[in-house]
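Read through the structure below, which is laid out as C-alpha cells, and then see the notes.
Just follow the structure's listing: the first ligand is 1, and inside any ligand the first atom is 1.
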Amino acid sequence: MNILIKTAILALVILLVVIGFNTASYQSPLIADARVAAIEVDIDQAVDNMQKAIGYRTVSYERGAVTNGEQFTQFIEFLEESYPAVHQHTQRTIISDYSLLFKWQGKSPELQPVLLTGHYDVVPVIPGTEDKWESAPFSGELKNGYIYGRGAMDDKSAIIAMMESAEALLSRGFQPQRTIYFSFGHDEEVSGLSGAGEIVKHLKKSGVQFAWSLDEGSFVMEGLLPVDKPVAMINVAEKGYVSIDIVATGAGGHSSMPPKKTAVGKLAEAIVKIQESPFSGGLSGISGEMMDQLGPYLPFSQRILMSNRWLFGSIVERGLSSSPAMNASMRTTIAPTMLSASPKENVLPIEARATINLRLHPRDTPESVEQHFNNVLEGFDDVTVKVLHGNNASPVASSTSAGFQSLAASVRAVFGDVIIVPGITVAATDSRHYVSVSDNAYRFNPMQVGTEDIAGFHGTNERVSVENLGKAVQFYQSVISNQ
Ligand SMILES: [Zn+2]
C-alpha cells in the first residue's frame with residue numbers, strides 16, 4: 001500500500017480513538033454533592049400566606065412613581081403580622097418608603113455577610129386579558145395544586161419562601177454563623193432605582209460587602225433542554241442593554257421621480273446586513289462552563305461533538321445558535337424593533353430611522369457594538385450609527401466559589417439528582433444594583449418549571465405549584481442553616 005494512504009489510515013484511526021476516548025470519558029466537573037437531612041415545612045401556612053401575598057395589588061406601572069402606595073404599605077403590614085419572629089429578631093430598615101432590608105445578626109461578625117433578595121412589585125395584567133385567566137389575577141386562588149395570580153412566580157413566592165424559612169428557623173432558636181440580610185424591592189419591574197438602588201447606597205454607607213447574594217433568575221428546568229434529567233441553572237451574570245439607531249438620509253422631494261435608492265431602501269439594506277452579521281459567540285466563559293456540565297448528559301451523537309469541541313467546536317456552536325434561548329445566552333443579540341421614515345405616502349423620506357435593541361454578552365460593551373456596526377456598514381453611503389443609551393453586562397460571578405458550592409449543595413438536598421450548571425440572565429434584575437456590594441451575585445429561583453410555567457411570566461395564568469412553594473421554603477432553609 002502506498003505510504004501516504006497508510007499514514008492517512010493511521011491518522012484516521014488515531015483520530016477516531018481520540019474522539020471515542022473523549023466521548024467515553026466525558027464527565028461533568030464535580031459540583032457539590034452534599035446531602036442535607038429532610039427539612040420539614042408547614043406547607044399549609046406557606047400556601048395561606050402566598051395566597052394573601054398575591055391579593056395585594058403591588059403593581060409597578062412606571063419608573064419613579066408608586067401610584068398605589070397603600071397596597072405596598074398593606075403588604076409590608078401583612079409581612080409584619082405573618083412573620084412576627086422575623087420582625088422581632090432582625091433589624092428592619094424601610095428604604096424609599098416601600099423597600100425592605102432585614103439584618104439577621106450572625107454569631108460570627110468576622111464572617112462576610114450574605115444577601116437573599118427578591119422583589120414584591122409585579123407587572124400589570126395586560127388590559128383585556130383578565131378573563132383569559134383561569135382564576136382572577138389577584139385572587140391567589142388555589143386550584144388543582146396551583147396558586148394563581150400575578151407575582152406567583154415573579155417574585156412574591158421567593159419572598160414568602162424566604163420569610164417562611166426564616167420564621168421557622170427562628171422559632172426553633174436558630175442563629176446563623178454569618179450575618180444574613182434579606183432585601184425586598186418595590187420597583188424592580190421599573191428599574192429598581194429607588195428600591196434596590198437606594199438599598200445599595202444604604203449598605204455602602206454602612207460598609208457592607210456581601211460574600212455572595214442570591215436574587216431571582218433561572219430555575220430547575222425540566223424538558224427545556226435535550227437531557228433526561230432536570231437542569232438547575234444558577235445564573236452567574238446578567239446581560240447588558242443598549243439601543244442603537246441606524247439613520248439613513250436621502251434628498252427628499254416628490255415620490256413620482258425617486259432616486260434609485262430612497263432613504264428607506266438604504267436603511268433596509270443596512271438592517272439586512274446587520275442581521276446577517278451576528279456577534280461572535282463561542283463556547284468560552286459561561287457558555288463553555290455550562291456545556292462542560294451539560295455535555296455528558298446529552299444524547300450520544302451530541303456527546304461525541306461536545307466532548308470533542310477542539311474538532312467540532314464550530315458545528316456545536318452553529319447547532320446551539322439555532323435555538324433563540326441558547327443563542328441569547330451565548331452572544332450579544334440584535335433585535336431591530338422600531339422603524340420610522342416619511343410622514344406621507346407620496347413624499348420621499350429625508351431620513352429613515354431604525355432602532356435596534358441589543359442585549360450585551362459580558363464580552364461586549366456599548367462601545368464595542370457601535371464599532372461592530374460601523375465595521376459592518378462600511379461602504380454604506382448616507383447611513384450612520386447612533387448609540388441612544390445602554391449599560392454594560394454585569395460582572396461574572398464565580399461558579400467555583402464557596403457560595404456557589406453552598407447553593408448547589410442546597411439544590412441537591414431539595415431537588416435530588418439534577419444537573420447543576422452556571423448560566424446567564426438575559427433580562428434585567430435588581431442584581432444590576434447589588435453587584436456593587438456583592439463579591440458574587442447569583443440569580444436562581446428554587447422551583448422546578450416546564451414550558452407551561454415559563455409562559456406565565458409577565459403573561460396570563462401566572463401560577464406556582466404548592467409543591468414548588470414547599471421546595472422553595474426547603475431550599476432557603478437549607479441555604480440559611482448552612483451559613
Ligand atoms: Zn422579577
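Because its NZ or CZ atom is not both nearer than 6.0 Å to the ring centre of Phe279 and within 45° of the ring axis, Arg331 does not count as a cation-pi partner of that residue.
Restricting His119 to its N/O/S atoms, the shortest distance to the Zn ion (ligand 1) is reached by NE2. Of all the N, O or S atoms in Asp154, the one closest to the Zn ion (ligand 1) is OD1. Minimum-distance N/O/S atom of Glu216 relative to the Zn ion (ligand 1): OE1.
Side chains of Thr332 and His361: a donor-acceptor N/O pair is absent below 3.5 angstrom, by distance only. A donor-acceptor pair shorter than 3.5 Å can be found between the side chains of Lys156 and Thr58.
Side chain of Ser99 to main chain of His186: a donor-acceptor pair is present (N/O by atom type, distance under 3.5 Å, no hydrogens or angles).
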